[in-house]
Structure formats: C-alpha cells, structure tokens
> 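So that we are looking at the same thing, I have put the structure below in structure tokens.
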Amino acid sequence: MIAQLPADLLTDLESRGLVAQMSSEDEFRAHMAGGSRTLYSGFDPTADSLHIGHLVPLLALRRFQLAGHKPVALVGGATGMIGDPSFKAAERQLNSTDVISGWVDRLKGQLEQFLDFDCGVNSAVVVNNLDWTKDLSVLDFLRGIGKHFSVNAMIQKESVKQRIEREGSGISFTEFSYMILQSYDFAELYKRYGCTIQIGGSDQWGNITGGIDLARRMHQGHVFGLTLPLVTKSDGQKFGKTESGAVWLDPKKTSPYAFYQFWMNTADADAYKFLQYFTFLPVAEIEAIREEDAAASGRPKAQSVLASEVTRLVHGDAGLLAAARITGALFSGDLSDLTEADFEQLRLDGLPSTKCTSDSLGIVEALVESGLATSNRAAREFLSAGAVTINGKKIVGEEVPINRDAALYNKYIVLKRGKKLFHLLSF
RNA sequence: GGAGGGAUUCCCGAGUGGCUAAAGGGAUCAGACUGUAAAUCUGACGCGCGAGCUUCGGUGGUUCGAAUCCACCUCCCUCCA
C-alpha cells in the first residue's frame, strides 16, 4: 500500500499539484532539505467524524512522515469551540462543550489510523489545543498574545474580508478571535515540539501566516507554512457531497461500499487529479494510467483504481473487499448467479437493506419503506418513469406485489431506483 | 439607546389583498444518449390515487378572501450614539 518514498518530498508534492502556497519559499526548501522536521496540521471537531475533505491534509501529514519527518496531528478541542470564520459566509452555531469533547475523542481515533506512532524519532503525535488554552486567563491572553496582533492587519485578511464587508452578514468577536487561537497553537507547538511547519488547506493561509508571525514575536522562531489546494471539481460543484450529504471516514456513517461508490462516480476530468491528491501511487504510475485510458476506448481505469486505493487507505483491505463484492454483484454480475449465502454477505458488507415487516407489500410501499423514495408520490413518479427494477427486471405498473414468491430463494429482493441506487429487501 | 432595512418552498430570489403551491435561476432526482463519466435533450421537484390538504420568522387580528393589511413578539443587517 505504501509506495516507495519519493526522492524529494517537495518535488513530489509539487508534481502532484499539492502545493498551493509556501511561505518564504527558498528558506523553506533549505529548511526541508536540512533534515527531519516536525510539522503539524489541525483538525477541528465540527462533527463526530472526519470527512473526505480532511483527507488531503491528513494524507499530506503521512507523506511527510514517510519522507522522514515528524507529524503532529492537532485536534482542535479549543478552536472547535470557537469556529473558524475563514471563507465562511455566515456565523456558525456554537456546539456545547460536552458534544465537542465527545467529537474530539472520535477524531483522535480516526487521525491515529493514518499515522505511524512507532517508528522512532519521527513517530507521530496527536495533541489537543485545549490542553494549552483551557487554563489561559483572559488577561494573560490579551496581554501576552493579543498584544502581538494588529486588528488593522487582521481585518485585511482575505479569509474574513467578505464577512466584514458584505452587507447582510457579520462576524462576532468570537469568530474573529479564531485566528489568534490558531496562531497561538503554532507558537506553542514550536515551543513544545520544535514544530517548524504548519500545513493546511489553502483557506488556512491567513491563519497560518498569523502563526508564523506569532512564533517569531513570542519565541523568535523561524517557522514556515505550506498550504494544500482546495479540492475542486471540474463542473464547479462542491467536492465531497453526495445526495445523502458528506462522505465520512467513519464506516458507520458512510459504509465502505458507499465510500467506494463515491470515488467510482468521479468525473473523468477529475479522476487523474484525484489519484494524485488522494493516493500514494507514484506520479509516473498515474501518468501511465492516464495514457492507457486515453488509448483505450470505453470505460477508463482511473475511477476504479482511485476507488480501490482510497477505500483501502481508509477502510483497509477488508473494507475494500466488502465494497468490491457489492459493486461486482450489483453493477456487473447477474443477480441470479448469487447464492443465498452471497446475499447474506452483501448485507453484512453494508449494502443498504431492510427486513420486510409484512409478508407482502406493494411496490410503492416497498420503495418508501426502503428509503428509495421519500413519499408515495415520488415512488409513483419513479415507477411511471421506468426507474425501478426488481431483481434486475424493470417494473412497469404499480400493481407489483412484493412477497416471497417474487423473491430470490424466497427471501431476497434487490430493489433498484435509478441507475445506481440499490436496496436489499429480505423476508 | 435612536433611525432605517430585512426574514418566502433545499439555496438565491420575485411576489405588496383574490388570476399564488407561490415567477425565475441554481442545486437535486428520473428518463434518453453513454462508460456507474461529462455535455446535451426531456420531465419531476410540499403532501395526497384523488376530491383536496398544509405552507411564505412567531402569535393574534382585519377581511367573503392574506405571503401580501394591522398589532405585538423573535432573530438578522446598516447607519448614528
């Protein structure tokens, strides 16, 4: 899974298109070349799981670690209580401290699975910024830290500018202070771990440069920042969203199957870029896949390679196997080839499924009960559009009973709505 | 504290007494074409099989009739202090 180390980390990152901005570039390069460095990236608890948007910085930490550097994954127990205003259109609702501390624990566990904590000097560390902020008094904060910040400079930051200038929005003092907290994190990690590099999404540039300045002012430290590009899609839509919302890393929130399918549906125009962003495949290898796809007609390989690689990275070999099993059965195989045990396995693998509550129900009812349609009306609409399939056979009218007789092995019915939404009903 | 502006269906945004389940755009979904891609075209997009029912920040009122008028309340924004 872990590809061979690139000869030069920065060169590799650049050729992958993973570098958006660097602070004092020449010095940064020299710094990187000078030995094993400590770097960090922060992850705020805004939900009970990380999602694929977090994957780029998270995998970047790992890229650095593979290149011999020491990654510090910071969970924002403190910053998560404030809310990062960077490029956000509106003020966010504060979550309760209990909820946030629960999320912190969840995130820690997820972060850990991507890093190596037992590899000697460059073993990873997970920290929580609440540790150094919870006992900070207001006066110490204002005198010791706030004094280093110029409000004039802060309101010039692009990341909060629209909130300040745009009519109809605004920014609370709470969110406005976010930058100071994140800057303090960098200064503190510099002091504690000799951390000299912060990485993050390009939306974090303002916060990162704030930290660079603070580390110098408080500790005379010379530290650096590197930002990763924001993941964009060729059609301009937001990356990482599906019909059912965000794509989570937690298998309980997004099954490995759904996760795999998300990557399978990547547009051609994005697939090779995503291979560079989200996998550890060498650039040359990705280039070879691109050429092969271009030469061949029909379906490209890129999406399936992408789906396999990322699913394995996040859900391991077992998760990938389960996802691939379901995908194979539903999209390429013939359902009648499946054994009874296969169906049971599909259910265990995470194919959405329900157990029928009664022995026989109508097709409309079945569509609603399985969640494939949100209302009877919608269900009828799908039926009249010819969008519904039972065990591979297209349904015409509404008078189709769903019962054991219609089921494979008198037990299983695979409902399909649209091209790629499946549901397993069992009796 | 004062003055003004605003809150519409997922989002943006029209609508200022009946013709409004509410223009238009976006997003989303389905069908066709394909390759589980993109683009394009077609259709759907509150709930109900239907008659119809429930919606326009909240509560009450005026009216035969209200998203539209009145009162109070909540929240947001701008300017002044």
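Chain letters run A, B, ... following the sequence lines, proteins first, then strands; residues in each count from 1.
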> For A66(B), give its Watson-Crick or G-U wobble partner with both distances under 3.5 Å, or none.
none

> With no hydrogens and no angle check, do the side chains of S49(A) and Q110(A) hold a donor and an acceptor under 3.5 Å apart?
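Yes, side-chain donor-acceptor contact under 3.5 Å.
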
> Choosing from U36(B), C49(B), A38(B), which nucleotide comes nearest the side chain of A267(A)?
A38(B)

> Rounded to whole angstroms, how far apart are CZ on R299(A) and P on A38(B)?
11 Å

> Could you tell me the Watson-Crick or G-U partner of U9(B), where both distances fall under 3.5 Å? Say none if there is no partner.
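Partner of U9(B): none.
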
> In whole angstrom, give me the gap between the C1' atoms of A39(B) and U34(B).
11 Å

> For Y260(A) and for V388(A), find the nucleotide of RNA chain B with the closest heavy atom, then tell me which residue's nucleotide is more 5'.
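It is V388(A), whose closest nucleotide lies nearer the 5' terminus.
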
> Taking the side chain of R377(A) as heavy atoms from C-beta outward, which of C29(B), A37(B), C45(B) is closest to it?
C45(B)

> Between U62(B) and A51(B), how many Å separate the two P atoms, rounded to a whole number?
32 Å

> Could you check how far CG of L372(A) sits from P of A30(B), rounded to whole Å?
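These atoms are roughly 11 Å apart.
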
> Applying a 3.5 Å limit to both distances, which nucleotide forms a Watson-Crick or G-U wobble pair with C47(B)?
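Here C47(B) is engaged in a pair, and the nucleotide opposite it is G52(B).
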
> Pairing check on U42(B): which nucleotide meets the Watson-Crick or G-U wobble criteria with it, both distances under 3.5 Å?
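Base-paired to A30(B).
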
> What nucleotide, of A30(B), U36(B), U34(B), holds the atom closest to the side chain of F331(A)?
U36(B)

> Can you tell me how far P of C29(B) sits from CG of L367(A), to the nearest Å?
17 Å

> Could you give the distance from NE2 (H54(A)) to CG (D44(A)), rounded to the nearest 0.5 Å?
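It comes to 8.0 Å.
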
> Provide the distance between the two P atoms, one in G17(B) and one in G2(B), to the nearest whole Å.
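Here G17(B) and G2(B) have their P atoms 32 Å from each other.
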
> Which part of the nucleic acid does E398(A) contact within heavy-atom distance under 4.0 Å: base, sugar-phosphate only, or nothing?
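Counting heavy atoms under 4.0 Å across all strands, no contact is made by E398(A).
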
> Side chain of S375(A) only, please: which of C47(B), U36(B), U34(B) is the nearest?
C47(B)

> Roughly how far apart, to the nearest Å, are A81(B) and G65(B) at atom C1'?
46 Å

> Side-chain donor-acceptor pair under 3.5 Å between N129(A) and D185(A), yes or no?
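Indeed, the side chains of N129(A) and D185(A) share at least one donor-acceptor pair under 3.5 Å.
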
> Taking the P atom of each, how far is G46(B) from C29(B), in whole Å?
16 Å

> Is the distance between the ring centroids of F343(A) and F427(A) less than 6.0 Å?
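No, the ring of F343(A) stays outside the 6.0 Å limit from the ring of F427(A), centre to centre.
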
> When the C1' atoms of G58(B) and U42(B) are compared, how many Å lie between them, rounded to an integer?
42 Å

> Given U36(B), U34(B), A30(B), identify the nucleotide with an atom nearest to the side chain of R417(A).
A30(B)

> Paired with A21(B): which nucleotide, if any, by Watson-Crick or G-U wobble criteria at under 3.5 Å for both distances?
none

> What I want to find out is whether R62(A) reaches D116(A) closely enough, with some N-O distance under 4.0 Å, to be called a salt bridge.
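Salt bridge between R62(A) and D116(A), a charged N being under 4.0 Å from a carboxylate O: no.
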
> Taking U55(B) as the reference, what is the distance to A21(B) when you measure between their P atoms (whole Å, please)?
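It comes out at 13 Å once rounded to the nearest Å.
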
> How about F274(A) and F239(A): are their ring centres within less than 6.0 Å of each other?
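Ring-ring flag for F274(A)/F239(A): true, centres closer than 6.0 Å.
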
> Measure from CG on D270(A) to P on G35(B) and round the result to the nearest Å.
20 Å

> Find the distance I363(A):CD1 to C49(B):C1' and express it as a whole number of Å.
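Taking atom C1' of C49(B) as the reference, CD1 of I363(A) is at 16 Å.
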
> Determine whether the aromatic ring centres of residues F259(A) and W248(A) are separated by less than 6.0 angstrom.
no

> Name the nucleic acid region contacted by A269(A), choosing base, sugar-phosphate or nothing; use a 4.0 angstrom heavy-atom cut-off, strictly under.
nothing

> Where the side chain of P300(A) is concerned, which of A37(B), C45(B), G35(B) is the nearest nucleotide?
G35(B)

> Let me spell it out: for each of F382(A) and Q303(A), pick the nucleotide of RNA chain B with the closest heavy atom. Which residue's pick is nearer the 5' end?
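Per heavy-atom nearest nucleotide, the more 5' residue is F382(A).
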
> Would you measure the distance from the P atom in G35(B) across to the matching atom in G25(B) and give it in whole Å?
32 Å

> Between C1' on G48(B) and CD on E381(A), what's the gap in Å once rounded to a whole number?
13 Å

> Indicate, yes or no, whether a donor-acceptor pair under 3.5 Å links the base of U36(B) to the side chain of Q261(A).
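Such a pair is found, so the answer is yes.
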
> Report yes if the distance between the aromatic ring centroids of F186(A) and F224(A) is under 6.0 Å, otherwise no.
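So the answer is no for these two rings.
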
> Please determine, for G35(B), whether a Watson-Crick or G-U wobble partner exists with both distances under 3.5 Å, and give it or none.
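Base partner found: none.
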
> Can you figure out which of G48(B), U34(B), C29(B) approaches the side chain of N376(A) most closely?
G48(B)

> Rounded off to whole Å, could you give me the CH2-to-C1' distance for the W263(A) and U36(B) pair?
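After rounding, the gap between these two atoms is 16 Å.
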
> Just compare C49(B), G31(B), G48(B) and give me whichever is closest to any side-chain atom of R380(A).
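Selected nucleotide (nearest to the side chain): C49(B).
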
> Quick one: look up who A3(B) pairs with, Watson-Crick or G-U, both distances under 3.5 Å, and put none if it's unpaired.
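For A3(B), the partner nucleotide comes out as U78(B), under the 3.5 Å rule.
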
> Please state how far atom NZ in K420(A) lies from atom P in U36(B), giving the value in whole angstrom units.
9 Å

> So, OP1 or OP2 of U34(B): does either fall under 4.0 Å of a side-chain N or O from K419(A)?
no

